[in-house]
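Order of appearance sets the numbers: ligands from 1, and atoms from 1 within every ligand. Note: hydrogens, waters and symmetry copies are ignored here, and every other heavy atom, side chains too, is used.
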Amino acid sequence: MQVLIVEDEIPLANEVRSYLEKEGFSCDEAHTGHVASDKLFSNNYDLLLLDLGLPDYDGIDLLKESVTNNSNTAVIILSARSALEDRIKGLNFGADDYLPKPFSLLELKSRIMAVMRRKHGIRANIITVNNLEIDLDKRLVFSGGIPVALTRKEYDILSFLILNKNRVVTRLQISEHIWGDIIEENYNSNYIDVHIKNLRKKLSEFIEGEFLETVRGIGFQFVAGD
Ligand code: CA
């Protein structure tokens, strides 16, 4: 999951980033509104953590840009402005949640998980599909209680496909979700195919039939049974 942290207090931005990265999120930072605006324009983030009080930009304007350019990006406002008016304004302009500063990192993570659950219409942090249980909080996959050993990238791709089950997910969406605009050294789009191939092989021990469909020229689809 790709997160953009917009925060002009650099130590706080770094602290949030290192915590979220340890929890398995991919993060990008913007310390000014203008940099954030450029990044929002050229990337599809899953989540925007937005400080409203930026020196060069009105945070509410960034929120509006995010909602207009990318309605799929969830937004949580992180702001010292605890005034009721700002909170209501943020929510009215399309933010999904609001967390006043100072906040605990644990609470931030719970809010993120809750927002992502709402976004994907699920109620709990554990999804059950096709004989698999995916624990989104712990980033683990089980089948009949047996852990399925996946690499970090395999987990990221599988959970992304499952959250979008029965919908075609394009290669571009997958690479943006997994790699963001930080393209790793030696990146090549065949990596996705390699990961998908490994996932099919690992999961075939637990699921019968074709569940990770290749949609020629477009991408992939996780086919969920009842
Ligand atoms: Ca600030």
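- Between His34 and Tyr57, the ring-plane angle classifies as perpendicular under the 30° and 60° cut-offs.
- The existence of a salt bridge linking Lys64 and Asp61 is confirmed by a sub-4.0 Å separation between a basic side-chain nitrogen and an acidic carboxylate oxygen.
- Residues satisfying the side chain to side chain donor-acceptor pair (under 3.5 Å) criterion with Glu133, sequence neighbours excluded, are absent altogether.
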Sequence neighbours left out, cut at 3.5 Å: what donor-acceptor pairs do the side chains of residues 207-224 make with other protein atoms?
from	atom 1	to	atom 2	distance (Å)
Thr214	OG1	Arg200	NH2	2.8
Gln221	OE1	Arg167	N	3.2

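- No continuous path of hydrophobic side-chain contacts links Leu140 to Ile178 [ILVMFWY only; heavy atoms under 4.5 Å].
- For Asn70, the side chain to side chain donor-acceptor pair (under 3.5 Å) partners two or more places apart in sequence, or in a different chain, are Asn44.
- The Ca ion (ligand 1) has Asp8 OD1, Asp51 OD2, Gly53 O as protein N, O or S atoms under 3.0 Å away.
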